[in-house]
Amino acid sequence: MCIRARVISLKNYRINPDKKYVSVIMEGLQKKDGHCPCRVNVDDSTLCPCDEFINDGICKCKLYIPMEEAEEKLRKIKEKEKKDGDSTK
């Protein structure tokens, strides 16, 4: 796979904590040689992280999400894990 490294500032963003979702997005990135799987066009502007995310903070595929959203997702994941763990006892 040929993914070009791009330097970005991820202030106030993080990778989506939903591991299953991220796995699907990563498969799409691999199939498109590092280009956003949510984009039809394939050019330098769609290499992940895409120009729209770098310039405007918008990640259409939700691989990168705002920190507040990530914290809420993590809280829900932990609650679900705890609930699932309690139900197996």
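You'll find the side chain of Lys20 reaches within 4.5 Å of the side chain of Asp18, heavy atoms only. For the pair Cys36/Val42, no side-chain contact is recorded, criterion being any heavy-atom separation below 4.5 Å from C-beta on. Two residues are said to be in side-chain contact when any heavy atoms from C-beta on lie closer than 4.5 Å; Glu69 and Lys62 meet this criterion. Leu74 has its side chain within reach of Arg14: a pair of non-hydrogen atoms, C-beta onward, lies under 4.5 Å apart. Residues Leu63 and Leu29 are in side-chain contact: their nearest non-hydrogen atoms beyond the backbone lie under 4.5 Å apart. In this structure, the side chains of Cys50 and Arg39 come closer than 4.5 Å at one or more pairs of heavy atoms.
The distance from atom NZ of Lys76 to atom NZ of Lys73, rounded to the nearest 0.5 Å, is 7.5 Å. Glu81 CD to Lys78 NZ: the interatomic distance, rounded to the nearest 0.5 Å, is 8.5 Å. Asn12 CG to Ile65 CD1: the interatomic distance, rounded to the nearest 0.5 Å, is 12.5 Å. Put simply, OG1 on Thr46 and CG on Asp33 are 10.5 Å apart, with the number rounded to the nearest 0.5 Å.
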Stepwise salt bridge (Lys or Arg N to Asp or Glu O under 4.0 Å) test for Lys83 and Glu79: CA-CA 6 Å; Lys83 181 181 174 185; Glu79 285 176 1; over 6 Å; no
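In this structure, Tyr21 is a member of the same hydrophobic cluster as Ile15, with clusters built from ILVMFWY side-chain heavy atoms closer than 4.5 Å. Note: the hydrophobic cluster containing Met26 does not contain Val24 (ILVMFWY, side chain heavy atoms under 4.5 Å, direct or indirect links).
The shortest non-hydrogen separation linking Cys38 to Cys61 is SG-CB, 2.6 Å.
The six-membered or imidazole ring of Tyr64 lies near that of Phe53, with a centre-to-centre distance under 6.0 Å.
Side chain to side chain, Asp43 and Asn41 meet the donor-acceptor criterion of an N or O pair below 3.5 Å.
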